[in-house]
Amino acid sequence: MRIDILTIFPQMFPPVMGEGMIRIAQENGLVEIKYHDLRDYTTDKHRSVDDRPFGGGPGMVMMCGPIFRAVEAIEAQSPVPARRVLLTPQGQALKQALVREIAKEQRLLLICGRYEGFDERIRIGLEPLEISIGDYVLSGGEIPAMVVVDAVVRLIPGVTGHPDSPVKESFSEERLLEYPQYTRPVEFRGMPVPEILRSGDHAKIAEWQKEQAKIRTARRRPDLLS
Ligand code: SAH
């Protein structure tokens, strides 16, 4: 998979993309991530990417020109067509099902907004998939883009150590939250590990985990069960 990220702050990404699973996935050639500075696609001496909104109102709006030029130039770098993704609070809510969908793509182009958002013709002309990471407003699309990359990369086959780990976790196909997990020590500050997990009876353990997942989901996220 190739992921291109278009942003006015490309320097925000390497520290995050350079650690953990995302770093290893890149080192193993499972994903290639490239950052593109939107200001490289400007035409004036101030390298402007934003301008005042028609009709008035507060703040600035991201202009069409630099984004269209950048998208066309970045897409031309490889013959594989890119799925264009606009990060915006007005987009489709990011859920694990959507992550699974976009993880199937061979190429993603993530476009990060700033200021008050995008000129509407960026939506009309580029027909991107619009994704929101939640019902709150951030100052830019960079952190949402990192969220998308992190969620997607760990689903690429070969990235997680155990092939089952993305299957048996919260929001997986079973639509249950994950069951409680424990590791050593057996007792910590008076809190023991449930006896059953140390019984070695795999069928019983699986039954207990399923039951716990249901209880936890019913308490915390009843919406997932309906
Ligand atoms: N005025 C806009 C918000 C702009 S926030 C509105 O009312 O909808 C500036 C940029 O941050 C957005 O263009 C988007 O790229 C990013 N952003 C902010 N919140 C986000 C969210 N919840 N999900 C995805 N992107 C977000």
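In each ligand, atom 1 is the first atom listed, and ligand 1 is the first ligand listed.
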When hydrophobic residues are tied together by side-chain contacts of less than 4.5 Å, even through go-betweens, does Leu98 share a cluster with Tyr136?
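Yes, one cluster joins them.
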Pairs of nitrogen or oxygen atoms closer than 3.5 Å, one from Val137 and one from ligand 1: do any exist?
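Between Val137 and ligand 1 (N or O atoms, distance only) the closest approach is not under 3.5 Å.
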Can you confirm, on distance only, whether ligand 1 has an N/O atom lying under 3.5 Å from any N/O atom belonging to Gly134?
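Min N/O separation from ligand 1 is below 3.5 Å for Gly134.
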Is [X] touching ligand 1 with its side chain, its backbone, both, or neither, if touching means heavy atoms under 4.0 Å apart?
X	answer
Leu138	both
Phe118	side chain
Gln90	side chain
Ile131	backbone

Stepwise, does the side-chain contact (heavy atoms from CB on, under 4.5 Å) test hold for Met12 with Phe9?
CA-CA 6 Å; Met12 283 177 75; Phe9 295 126; 3.7 Å; yes
Ligand 1 atoms in contact with [X] (distance to a heavy atom under 4.0 Å):
X	answer
Gly140	10 (C), 11 (O), 16 (C), 17 (N)
Gly141	11 (O), 15 (O), 16 (C)
Gly113	10 (C), 11 (O), 13 (O), 15 (O)
Tyr136	19 (N), 21 (C), 22 (N)
Ser132	22 (N), 23 (N), 24 (C)

I want to confirm something. Looking only at heavy atoms, which of Ala145, Pro58, Gly117, Pro144 is nearest to atom 13 (O) of ligand 1?
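Looking at heavy atoms only, Gly117 sits closest to atom 13 (O) of ligand 1.
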Does the pair Arg39/Asp37 count as a salt bridge with the N-to-O cut at 4.0 Å?
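Salt bridge flag = no for Asp37 with Arg39.
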Given Gln209, Glu211, Arg216, the one that forms side chain to side chain contact (heavy atoms under 4.5 Å, CB included) with Tyr179:
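Of the listed options, the one satisfying the test is Gln209.
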Going by atom types only, do Arg175 and Gln96 share a side-chain donor-acceptor pair under 3.5 Å?
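The answer is no; no qualifying pair exists.
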Establish, from distance only, whether the side-chain atoms of Thr7 and Glu142 form a donor-acceptor pair under 3.5 Å.
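There is such a pair (donor and acceptor under 3.5 Å, judged by atom type) between the side chains of Thr7 and Glu142.
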Which protein non-hydrogen atom lies closest to [atom], naming both residue and atom, and how far is it?
atom	value
atom 26 (C) of ligand 1	Pro89 CD, 3.6 Å
atom 23 (N) of ligand 1	Ile133 N, 3.1 Å
atom 15 (O) of ligand 1	Leu87 O, 2.6 Å
atom 24 (C) of ligand 1	Thr88 N, 3.5 Å
atom 2 (C) of ligand 1	Glu116 O, 3.3 Å
atom 9 (C) of ligand 1	Tyr115 O, 3.2 Å

Taking the side chain as every heavy atom from C-beta outward, state whether [X] and [Y] have any atom pair closer than 4.5 Å.
X	Y	value
Ile22	Phe13	no
Leu129	Ile131	yes
Leu110	Val149	yes

Lys210 NZ to Lys214 NZ distance, which is reported to the nearest 0.5 Å
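Interatomic distance, Lys210 NZ to Lys214 NZ, rounded to 0.5 Å: 5.5 Å.
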Check each of Gln77, Glu105, Gln106, Glu32 against Arg2 using the side chain to side chain donor-acceptor pair (under 3.5 Å) test, and report the only one that passes.
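Only match with Arg2 under side chain to side chain donor-acceptor pair (under 3.5 Å): Gln77.
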